[in-house]
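Remember, it's 1-based here, ligands and their atoms both numbered in the order they're listed. By convention here, the first residue in the shown sequence is residue 1. No hydrogens, no waters, no symmetry mates; every other heavy atom, side chains included, goes into these values.
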Amino acid sequence: MINTKFINIDPDNIDMEKLKIAADILKNGGTVAFPTETVYGLGANALCEEAVKKIFKAKGRPSDNPLIVHVSKLEDINELVLEISEKAQIVMEKFWPGPITLIFKKSDIVPKIVTGGLDTVAIRLPSHPIARKLIKLSGVPVAAPSANLSGKPSPTKEKHVTHDLMGRVDAIVCGGDTEVGVESTVLDLTSNVPMILRPGGITKEDLQEVIGKVETDPAILSKVESNLVPKSPGMKYTHYSPNAEVILVDGRIEEVVKVINKVKKEKECEGYKVGVMATEETKDKYFGENIISLGSRKDLKTVAANLFKVLREFDEKRVDIVLAETFEEVGIGQAIMNRLMKAAGYNVIHA
Ligand code: AMP
Ligand code: MG
């Protein structure tokens with residue numbers, strides 16, 4: 001059991017003295033959870049094998065699931081990669097700092113523990129002011145997966161990090177709620193046609209505007225059989241799962257509402273506590289208790305920002321089953337459906 005230090009920092013008025021305490025822990029081989037614009041991350045010095053091991057231990061993360069290395073300025077990637085393609089240069093200039101991670105061929109200084117044994121390394125330059133200043137002050141590249149226990153929904157609030165990692169990490173920087181709410185887009189630029197390995201805050205449409213054709217790894221789309229092996233090692237694990245069983249109900253929204261009400265009633269008769277992950281447009285159409293809205297269907301950014309928080313709220317309510325509506329897979333809807341499908345273990349009822 002580690003005596004976890006809590007460091008409160010206002011992102012709009014950063015106390016550099018306090019942030020330096022966290023930066024020194026990183027520099028000296030410790031683990032620090034901190035906010036980014038996507039979700040909270042759990043960081044350690046990416047160039048120090050012993051430090052990185054502590055991340056895997058704290059999260060209970062499988063060792064073949066590679067970490068994303070975070071930097072505070074563009075030049076910092078030069079020592080970490082073998083080459084930077086023209087398309088990579090364009091994407092970095094357009095979307096960094098921001099919620100997109102790029103895959104490069106790794107240089108020798110990146111330890112294999114960071115990349116799960118792969119010859120490639122995932123790198124991101126985050127835009128959150130606390131994340132950037134913390135990485136800069138630490139003076140090292142920071143390997144940081146999401147700051148949750150492996151398999152649980154990613155943390156978007158301080159209390160989620162505390163719940164999962166208190167006593168398991170050296171420090172938690174508390175800096176308010178995260179903005180995007182789903183993890184970064186992961187884009188592989190080592191292949192001829194760039195490929196999205198994980199959908200996220202920067203959408204396929206955003207990318208195609210600046211680099212032309214972009215593919216999505218077929219294994220991560222919700223409409224395929226789940227026996228395809230994803231190219232991004234992390235995407236093969238069960239993820240984002242609350243304790244409750246999640247079931248998606250897909251179809252025309254009027255039919256979805258009917259089916260959810262019917263299944264809810266049946267399951268409640270059998271003695272289960274059933275929650276419904278609804279939207280502003282539908283929340284008043286469901287019977288009974290434990291109905292939580294993700295936001296309006298017209299504002300998918302808000303739906304994404306609320307997704308993991310709402311999954312955790314069902315756990316707080318101790319529901320046994322969550323029945324969830326689906327979303328159209330366009331724009332950030334791709335990221336929402338990818339996370340929902342994984343939370344549900346591909347368990348879908350067609351209404
Ligand atoms: P997390 O930081 O917890 O959001 O997880 C990092 C994600 O990035 C996982 O899905 C990894 O599989 C992916 N990732 C990290 N490094 C690589 C890499 N070299 N190649 C492909 N995917 C990667
Ligand atoms: Mg994660």
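Here the side chain of E158 pairs a donor or acceptor atom with the backbone of G176 at under 3.5 angstrom.
For ligand 1 and T120, the ligand atoms under 4.0 Å from any heavy atom of the residue are 18 (C), 19 (N), 20 (N). Heavy-atom proximity to S146, at under 4.0 Å, picks out these atoms of ligand 1: 1 (P), 2 (O), 3 (O). Less than 4.0 angstrom separates some heavy atom of N65 from each of these atoms of ligand 1: 9 (C), 11 (C), 12 (O). Close approach to L118 involves these atoms of ligand 1, each under 4.0 Å from a residue heavy atom: 18 (C), 19 (N), 20 (N). Residue A122 has at least one heavy-atom neighbour below 4.0 Å for each of these atoms of ligand 1: 15 (C), 16 (N), 17 (C).
Using a 4.0 Å cut-off between a side-chain N of Lys or Arg and a carboxylate O of Asp or Glu, R312 and D315 do not qualify as a salt bridge. Checked for salt-bridge contact, E255 and K258 meet the test: a charged N lies under 4.0 Å from a carboxylate O. Using a cutoff of 4.0 Å between basic side-chain nitrogens and carboxylate oxygens, R318 and E316 are not scored as salt-bridged. Look at D320 and K273 and you find no salt bridge, because none of the NZ, NE, NH1 or NH2 atoms lies under 4.0 Å from a carboxylate O.
Close N/O approach between K231 and ligand 1 is not found [any backbone or side-chain N/O within under 3.5 Å]. For ligand 1, the polar-atom distance check finds no N/O of E183 at less than 3.5 Å from any of the ligand's N/O atoms. Remark: ligand 1 and R61 share an N or O pair separated by less than 3.5 Å (distance only, no angle test).
Checked by atom type, the side-chain pair E325/T279 shows a donor-acceptor distance below 3.5 Å.
Taking a 6.0 Å sphere around CD of E254, one finds it holds more than 12 heavy atoms contributed by other residues, nucleotides or ligands.
Counting heavy atoms closer than 4.0 Å to ligand 1, residue T115 contributes nothing at all. Contacts between K106 and ligand 1, counted as non-hydrogen atom pairs separated by less than 4.0 Å, are absent for every part of the residue. Using a 4.0 Å cut-off between heavy atoms, I103 contacts ligand 1 through its side chain alone, with no backbone atom that close. With a 4.0 Å cut-off on non-hydrogen atoms, L197 touches ligand 1 through its side chain and not its backbone.
Between F56 and I113 the shortest side-chain heavy-atom distance falls below 4.5 Å.
Both cation-pi conditions hold for R297 and F327: the charged atom is under 6.0 angstrom from the six-membered ring centre and inside a 45 degree cone around its axis.
Counting backbone and side-chain atoms alike, S146 contributes an N/O/S atom closer than 2.8 Å to the Mg ion (ligand 2).
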